[in-house]
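Okay, handing you the structure first.
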Amino acid sequence: MTKVEAVVIRERVETVIDAVEAETGHVGVTVVEAIGHGRQRGVTHEYRGRVFESRFLPKALLTFIVEDALVRPVVAAIADAARSGHESGDGIIWTTRVENVTHNRTGLPLAEVEVA
Amino acid sequence: MTKVEAVVIRERVETVIDAVEAETGHVGVTVVEAIGHGRQRGVTHEYRGRVFESRFLPKALLTFIVEDALVRPVVAAIADAARSGHESGDGIIWTTRVENVTHNRTGLPLAEVEVA
Amino acid sequence: MTKVEAVVIRERVETVIDAVEAETGHVGVTVVEAIGHGRQRGVTHEYRGRVFESRFLPKALLTFIVEDALVRPVVAAIADAARSGHESGDGIIWTTRVENVTHNRTGLPLAEVEVA
Amino acid sequence: MKTADLIIAVNTVWVVLAAVLVMFMQAGFAFLEAGLTRMKNAAHIAGKNVLIFGVCSIVYWAVGFGIAFGDGNSIVGTSGFFPSTDEFLSIGAAPFSFFASIPGAAGYLFEVVFAGVSLAIVWGAMAERAKLWVYFAFGTFFTVLYSVVSHWIWHAGGWLFSLGMQDFAGSTVVHYQGALAALAGALLLGPRIGKFGHDGRANPIPGHNMPYAVLGTLILWFGWFGFNPGSTLGVVTGENIGYFAYVALTTNVAAAAGALGGIAAAWLVLRKPDVSMMLNGVIAALVAITAASGFVAPWAAVVIGAVAGSIAVVGVLWVERIGIDDPIGAVAVHGMAGVWGTLATGLFAVPALAANLATGSGGLFYTGSFHQLGVQALGLVTVGAFTFSLSFGALWTMKRLWGIRVEEHVETAGLDVAEHGMWGYPEFYIPVPGGYGTESHSHLLGPGHRHEPVPEPVSEAQPEAA
Amino acid sequence: MKTADLIIAVNTVWVVLAAVLVMFMQAGFAFLEAGLTRMKNAAHIAGKNVLIFGVCSIVYWAVGFGIAFGDGNSIVGTSGFFPSTDEFLSIGAAPFSFFASIPGAAGYLFEVVFAGVSLAIVWGAMAERAKLWVYFAFGTFFTVLYSVVSHWIWHAGGWLFSLGMQDFAGSTVVHYQGALAALAGALLLGPRIGKFGHDGRANPIPGHNMPYAVLGTLILWFGWFGFNPGSTLGVVTGENIGYFAYVALTTNVAAAAGALGGIAAAWLVLRKPDVSMMLNGVIAALVAITAASGFVAPWAAVVIGAVAGSIAVVGVLWVERIGIDDPIGAVAVHGMAGVWGTLATGLFAVPALAANLATGSGGLFYTGSFHQLGVQALGLVTVGAFTFSLSFGALWTMKRLWGIRVEEHVETAGLDVAEHGMWGYPEFYIPVPGGYGTESHSHLLGPGHRHEPVPEPVSEAQPEAA
Amino acid sequence: MKTADLIIAVNTVWVVLAAVLVMFMQAGFAFLEAGLTRMKNAAHIAGKNVLIFGVCSIVYWAVGFGIAFGDGNSIVGTSGFFPSTDEFLSIGAAPFSFFASIPGAAGYLFEVVFAGVSLAIVWGAMAERAKLWVYFAFGTFFTVLYSVVSHWIWHAGGWLFSLGMQDFAGSTVVHYQGALAALAGALLLGPRIGKFGHDGRANPIPGHNMPYAVLGTLILWFGWFGFNPGSTLGVVTGENIGYFAYVALTTNVAAAAGALGGIAAAWLVLRKPDVSMMLNGVIAALVAITAASGFVAPWAAVVIGAVAGSIAVVGVLWVERIGIDDPIGAVAVHGMAGVWGTLATGLFAVPALAANLATGSGGLFYTGSFHQLGVQALGLVTVGAFTFSLSFGALWTMKRLWGIRVEEHVETAGLDVAEHGMWGYPEFYIPVPGGYGTESHSHLLGPGHRHEPVPEPVSEAQPEAA
Ligand SMILES: Nc1ncnc2c1ncn2[C@@H]1O[C@H](COP(=O)(O)OP(=O)(O)O)[C@@H](O)[C@H]1O
Ligand SMILES: Nc1ncnc2c1ncn2[C@@H]1O[C@H](COP(=O)(O)OP(=O)(O)O)[C@@H](O)[C@H]1O
Ligand SMILES: Nc1ncnc2c1ncn2[C@@H]1O[C@H](COP(=O)(O)OP(=O)(O)O)[C@@H](O)[C@H]1O
């Protein structure tokens, strides 16, 4: 199977997951709160007289383990749903092939559970 | 070497790591707090008169970088230890080959450090 | 492209990112707070009369999606910058090939955006 | 020393300490509101209470106190502006002859903290989206507005007081007024981004810290023992020695009934014993008993509190249903419960107690007469019209001229970082617990990695600064 | 105005303000307990103090106050139930002739907050696993139980008071009693999941917020200045004018000694200056000095406090060792220290002070007589038997009939989300700081992605609700 | 009962309650300081206030109170050490004849909380890097030092008081002195790791919780109503009945002006309405008005407060610029504002008020004479020399002999886990919300996985312990 990882702005987490489920039928995701730095400039902070830049902005990192066949539609759904219309900061997506995808409760390969 | 990633319920983090160390001898893990959504239904929330579903439940994401030879026993140990006996939510495991595994303190490939 | 993941001590997060940008020109990283367990022993805790070991120490997990050509210098820069001079706990680095690296805002492959 | 002087001294001890308890309610509002809003706005929401109490204290000293309690006519006080030391030290003399048994300074202290409470209520409904300067501008405006109405109802010469309106400690003056301005603000600001979906359905925006909300509520309960009992303004009330103890009792049983009423209503209506609703129930009960505390029997206080507790639950739902975004529930908890409390006094006022307080007459329940209820209603209507229209007008004008709501990106990023420059909880957004500089320094200590200095931050401001 | 009346007025000021300080101790317990328990239960643990103080205030008004301080026999008060306005306003008259120099209302206020403290202690040991309805049921039961014992020891006609038992502000009445019920609850509930390993070894379950625990402790210290000094019930005590100041002094030096005793004991015994143990030391010292504060010399207060501080440390360890899971340490801190304080009074009571208070006689240390110590011990034994057996019986019955412990999945998920519907800190469990709805709305503003509306949440409750 | 006795009783009520408000300021400092420092030190920073108030209370009871207010000479009190019960109960008699209208016990209570505030200030500048034992050692030393200076300025026989120095509630005695020791400590400890980059540029180290800082500030504002008004030590001051109400008024308007001055200065100088700077402004204003509160007109209080608010902003910047790491801003907020307040009294003291207080004369502004200003300056210089040199000497000696700063790895890991054994917020560092043991137990319940028991933790300490 394939792991699709996406960095998105936090406000979009549920939109993105909705879109994946609605457009590909894939269910299953793990979300981690992250902070990111990219083309987008960070925040100018002021604290007790110090003015300084922080390059970080709040993001979320989503991990989907999907059937290989679903990779393209899932990536498309994410990219589409993650687009906020703001000038910057919408994040990126990447994918990797993964092996031994095991389902803890049953001990079976996840694929078989999915169909089950 | 190979990266073994596992999503487990938070209460099981130490059990899983204990099991891996006890059954495979592998030491070394990085843990991230995550929230997950899968076959398991989420929580019904009520807040100031709004009743709504949250699809997310607290989980933890474990990352082990292991010798290729250890992949199968590590996956088995995790799946075994992660099984809570509850009806749902025990999570999944997947693995990926990784390159250039470097040990920061020594700058050596991790494998050599492991043996050291 | 390639994903470079690094576990480093939290105090070093900005040093490492500075070093990568300064030495390879790569810009773009996602950071997640993590806790880790490795060769380094953990902390001895005492709470209300219970003395016990926690194997975990605060770390940060950095993810860089980089051009394949940059992998070696990025890894070198990270390992170099992550080295604290302490006796333990500096963490590790690993890399993986990734596909379909997509840029959400534009929907283009990230590589093209990078050059843009 | 004459006994009469000693009585004044004792009155002053009581009134000043009561005022201090009420002042602490600012911390209660700060934490109630911070707890019921989001992390990204926590510093702003908590900090604004310090700001507005500052604005209020200065404005009230300059003009508000004179308008409210300076000698004047039935509409407004016309003396006692920027009072002098002597005017504050004198007792029962012009311009503050209203305060016959405490020094003017004690009067100021006790009344300014009430103004501060009313002002704190205003911002609850405007939370998480108002521009910072609005706190200064509207805070000043409202303090004056508030002073006028308090003159009507509390000053011996005020026209509503003369009609016999009963508002012991300010269900109408303090809470209802604050809620009216809060409503105006919520209407003019509009809902927070994401509060209502495209289909108009309300989305929950959970507050980030329930323990804060609990602390805030308990501080408010604590402070209310200054709020209501202190309003006796002395230790002897008519025939009764230590009457304020009785007022404290009605306050406490009402608040307790409000907690139970609130959680019960939530359990029935929402099917969950919602903690935040129980807290709202307590506050609504305290708001309702505020007008009644000196006039009613203990059993009536329990009834008033329990009813107010359920009003809070249903009211919060209803305000949201009609499309108003009131993050703290100020309109329901202070407005509706304030109306209920004011009317309930007209229902349950014990004739003997009203006579002893020489304010109005007995309530419907005892006298069978609608007179007192009518007076209470009249007060609500006139104050409602006056305060709502002027507040709405002022905010509408500000909105038209300069805009009162922050830009979308500011609201999304959060007021803490966007307006004040720093998160309320920086370590949740910045991965360097040792501070930004730690790594650029600490690795000098060890034989660690050396790299080019971090680019000089844009801190050119300082040289001139120091 | 007669001086006698003025004295009553001054007494009332003092007693009411002392009561208000004690009421605020609810916030102290809320934060001490929330801080020493887990994040997933934070809203529940903090919020329950509002709930139980609500229950207690109503029950105590209805029957508790009459049982405790109504005129009656040596076992129980038999009048003053659902007291009327007049009964609360009268001074030194039936049914509350016990309160000779303050109005009955002041008496209620001062005594109800003590009942609330005793009840707050109960839940400390039952934290993180009791069902919500138990708070209502056992809270009511315990308030009555508490009232009976307080009649024995504090009412002029009570049988233990007549024997000369010295419990100035309630080491036995308030703290020991609360701890007895807490112990019964902890035994019947059993330990939290995971507290003891399969080998029976105790596992630490760290509290989630030490600053909360510090705030709670400082609020308790603050409130204790109402608790002990207020128990003079007046500003003149026998021969001594302003005796309550002396009581405040012994209270303060004892608490200070408890902080040092607690941290020292922790440093020695546990090899770490455990912050939570220092806090427990302060509270244990305050508990111990509660009985003694009016009877002992300053040096004795220091001794009592320091010993209590170490009792807290060793006691917490010991309770855990015998397999009882007491998350807050209520049994050790309120129970053992309460016993110590009650006995210590029998050791260190200064004859002159006892005489001035007209309560019991001098302690062993001064008189060489074991009499007072014996009386104190008798009180502890009888109260222990009475309160423990009835509390255990009541909880045992509830457990048998309906069960008092939440299901395992509720305990694991946390009471906040499972019982109340929402986390105490939602943003740590839900990744959308903008609220659930933010995305379904905000992307309408930009030229963003559109998707099918989120499925209607199960909120059919509302329409009927509003 | 004689009226004279009743006046004493009323004075005692006032002074004791004022003392209680001041005692609560420990919670204010605990949260202000915890909020402005890092998560990894939160339990330590908050908890240390309990510790040092404990040390201070014992030392002050033993010797401090005698040195400060015992009968003696113009330099130091020479009686009243380890005072007896009778000495604490007597009024206006040796050894505490200074307290003519309250019992000695009330005197102790009111003065010890002031010593505690001064001591709390010290640690603000030493936060996040001092060794734990230093709190005990220097805390004891400073309490004695403080007592000597308070004898000079406050005791009727003190040499600075005799010269007519005006320091109503201790801008110099409490705040300036605390800041002097804080400065010595900050200099000897050196900056925290990472505070200054290799290029010497200061790096910001954001405090971890702004709402805590707001709560702390509001608690301080609340407590200050005991601090300044309580310093009348009675309810009648010369000619004026309830003069303390006037003192409370000047205190409040000054604090309000400080909030506005602070946020305005921050907005202008730093281009951001920095919340923490507004809070510092409030505290600086309260510090400044402390000396002046009894002597100045309301308008002057506003001026003093507003100026102090901007001093806080500029002062914090300046202290950092000269390379001192003062995490809380104690040197600027308590030191510079304390100097300003002391001098401002010499500028704005109203002759009539000074006469009524029988302390010094009118200020420059009214009299055109530099006399009072000169006296104030003399006091600042002598106290500055005395307290700074002795504090520096004591800390320097401790540093030389045993070291006063924690090891680098302790500072990096954080004081909570490294010194006290547990994080302030364990769940942010440990991924098992159910507690360490949960999994080793709970999976016994289900048909889950079984594995070899977790290795026995190093808990051999306990057996002996219990
Ligand atoms: N090369 C990269 N490696 C890892 N994460 C990246 C990379 N580029 C972007 N990101 C993540 O995506 C987020 C948004 O990237 P950014 O460049 O700001 O978006 P945009 O290109 O739309 O401005 C960043 O905050 C970071 O978390
Ligand atoms: N396809 C997936 N991709 C990513 N994470 C997943 C996927 N399926 C499950 N997970 C993770 O595993 C957790 C448990 O999955 P779930 O399906 O609820 O377990 P179970 O199958 O035992 O009910 C989820 O909360 C999620 O974090
Ligand atoms: N095999 C591994 N798999 C995953 N993470 C690891 C592994 N080894 C080390 N780590 C991570 O790196 C961190 C530092 O490792 P550690 O062995 O303590 O460093 P050092 O070898 O310098 O002592 C650990 O806390 C953990 O987060």
Side-chain angles (χ1 to χ4, degrees), chain E residues 3 6-7 10 13-14 17 21 38-40 193-195 197-199 203-206 208-211 214-215 217-219 222 225 229 235-236 240-242 244-246 248-249 252-253 256-257 259-260 263 269-275 278-279 282 297-298 302 314 317-318 321 350 408 412, chain F residues 1 3 5-6 8-10 12-13 16-17 20 23-24 26-27 30-31 34 42-43 46-47 50-51 53-55 57-58 61 83-85 88-89 91 102-103 105-106 108-109 112 132 212 419-422 424-427 433-438 440-442 444-445 453 461-462 465-466:
Chain E
T3 308
L6 188 48
I7 296 173
V10 176
V13 170
W14 167 244
L17 286 167
L21 291 175
R38 287 165 290 180
M39 219 170 197
K40 64 182 179 181
I193 294 173
K195 178 58 190 176
H198 20 54
D199 53 0
N203 294 303
I205 301 183
H208 84 288
N209 193 317
M210 281 305 132
V214 171
L215 178 63
T217 303
L218 283 167
I219 290 174
F222 172 68
F225 285 117
V235 295
V236 178
N240 298 312
I241 302 167
F244 56 90
Y246 178 77
L249 178 144
N252 193 61
V253 293
L260 304 182
I263 197 167
V269 177
L270 318 176
R271 310 214 195 89
K272 282 283 184 189
D274 187 314
V275 173
M278 176 180 69
L279 302 178
V282 170
V302 172
V314 178
L317 289 172
W318 182 76
R321 179 157 311 284
V350 178
E408 185 190 341
T412 304
Chain F
M1 182 177 184
T3 309
D5 292 347
L6 188 48
I8 290 172
V10 176
T12 310
V13 170
V16 166
L17 287 166
V20 171
M23 175 268 158
F24 197 47
Q26 292 297 330
F31 267 59
V50 175
L51 174 62
F53 187 60
V55 171
S57 294
I58 298 296
W61 161 70
S84 68
T85 299
F88 276 131
L89 288 175
I91 296 161
I102 52 173
Y108 163 84
L109 202 70
V112 71
L132 194 63
Y212 282 5
E419 281 209 315
H420 301 286
M422 181 45 69
Y425 306 100
E427 294 186 29
Y436 289 86
T438 306
S440 59
H441 178 117
S442 66
L444 285 186
L445 307 176
Q462 285 77 55

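In what follows, every chain begins at residue 1, and chains take the letters A, B, ... in the order their sequences are listed. Values reported hereafter were calculated over all heavy atoms of this structure, with side chains retained and with hydrogens, waters and symmetry mates removed.
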Inset, instruction - Check each atom of E:Leu279 against the heavy atoms of chain F and say whether the ones under 4.5 Å are side chain, backbone, both or neither. - result: side chain
Legend entry - Audit row: F:Val10, E:Val235, side-chain contact (heavy atoms from CB on, under 4.5 Å) steps and yes/no: CA-CA 8 Å; F:Val10 176; E:Val235 295; over 6 Å; no
Inset, instruction - May I ask you to name which of F:Ile102, F:Val20, F:Leu109 has the most heavy-atom pairs under 4.5 Å with chain E? - result: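 Of F:Ile102, F:Val20, F:Leu109, F:Val20 has the most heavy-atom pairs under 4.5 Å with chain E.
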Legend entry - 4.5 Å side-chain heavy-atom contact, E:Trp14 and F:Val16: yes
Legend entry - Per-residue contact mode, E:Asn209 against chain F (heavy atom under 4.5 angstrom):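 Contact with chain F involves both backbone and side-chain atoms of E:Asn209.
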Legend entry - Straight-line distance of F:Ile91 CD1 to E:Ile241 CD1, nearest 0.5 Å: 5.0 Å
Legend entry - Minimal non-hydrogen separation, F:Pro83 against E:Pro298, with atom names: O-CG, 4.1 Å
Inset, instruction - State, to 0.1 Å, how close F:Ala42 and E:Pro211 come at their nearest heavy-atom pair, and which atoms those are. - result: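 Looking at all heavy atoms of both residues, the shortest contact is CB-CG, 3.7 Å.
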Inset, instruction - For residues F:Glu419 and E:Lys272, report the shortest heavy-atom separation together with the two atoms involved. - result: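 Looking at all heavy atoms of both residues, the shortest contact is O-CD, 3.7 Å.
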Inset, instruction - For each of E:Pro229, E:Ala257, E:Ala245, tally heavy-atom pairs with chain F at distances under 4.5 Å, and name the one with the top tally. - result: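 With the most close heavy-atom pairs to chain F, the winner is E:Ala245.
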Inset, instruction - Go through the atoms of E:Leu17 and report whether side chain, backbone, both or neither lie under 4.5 Å from a heavy atom of chain F. - result: side chain
Inset, instruction - Identify which part of E:Met278 has an atom lying under 4.5 Å from any heavy atom of chain F, answering side chain, backbone, both or neither. - result: side chain
Inset, instruction - Specify the closest pair of heavy atoms between F:Ala27 and E:Leu218, including all atoms of both residues, with the distance to one decimal. - result: CA-CD1, 3.6 Å
Inset, instruction - Between chain F and each of E:Val282, E:Leu215, E:Thr217, E:Thr412, count heavy-atom pairs under 4.5 Å; write down the option with the most. - result: E:Leu215
Inset, instruction - May I ask you to decide if the ring planes of F:Phe88 and E:Tyr246 are parallel, tilted or perpendicular, using 30° and 60° as cut-offs? - result: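 F:Phe88 and E:Tyr246: tilted rings.
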Legend entry - Part of F:Ala34 within contact of chain E (heavy atom distance under 4.5 Å):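 No part of F:Ala34 comes within 4.5 Å of chain E.
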Inset, instruction - Pick one of side chain, backbone, both or neither for F:Phe31, based on which atoms fall under 4.5 Å of a heavy atom in chain E. - result: side chain
Legend entry - E:Val236, part contacting chain F, at a heavy-atom distance under 4.5 Å: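 Just the side chain, heavy atoms under 4.5 Å.
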Legend entry - Beyond-backbone contact of F:Trp61 with E:Val302, side-chain heavy atoms, under 4.5 angstrom: yes
Legend entry - Reported CG-to-CD1 distance for the pair F:Leu51 and E:Ile263, which is rounded to 0.5 angstrom: 5.0 Å
Legend entry - From OG1 (F:Thr85) to CG (E:Asn240), nearest 0.5 Å: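 Going from OG1 on F:Thr85 over to CG on E:Asn240, the span is 10.0 Å.
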Legend entry - Contact summary for E:Pro273 and F:His420, nearest pair of heavy atoms: O-ND1, 2.8 Å
Legend entry - Proximal component of E:Ala256, with respect to chain F [non-hydrogen, under 4.5 Å]: both
Inset, instruction - Find the one option among F:Asp5, F:Ile8, F:Val112 whose heavy-atom pairs under 4.5 Å with chain E are most numerous. - result: F:Asp5
Legend entry - Distance-minimising heavy-atom pair for E:Asn252 and F:Ser57: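 Shortest heavy-atom separation between E:Asn252 and F:Ser57 comes out as ND2-OG, 3.2 Å.
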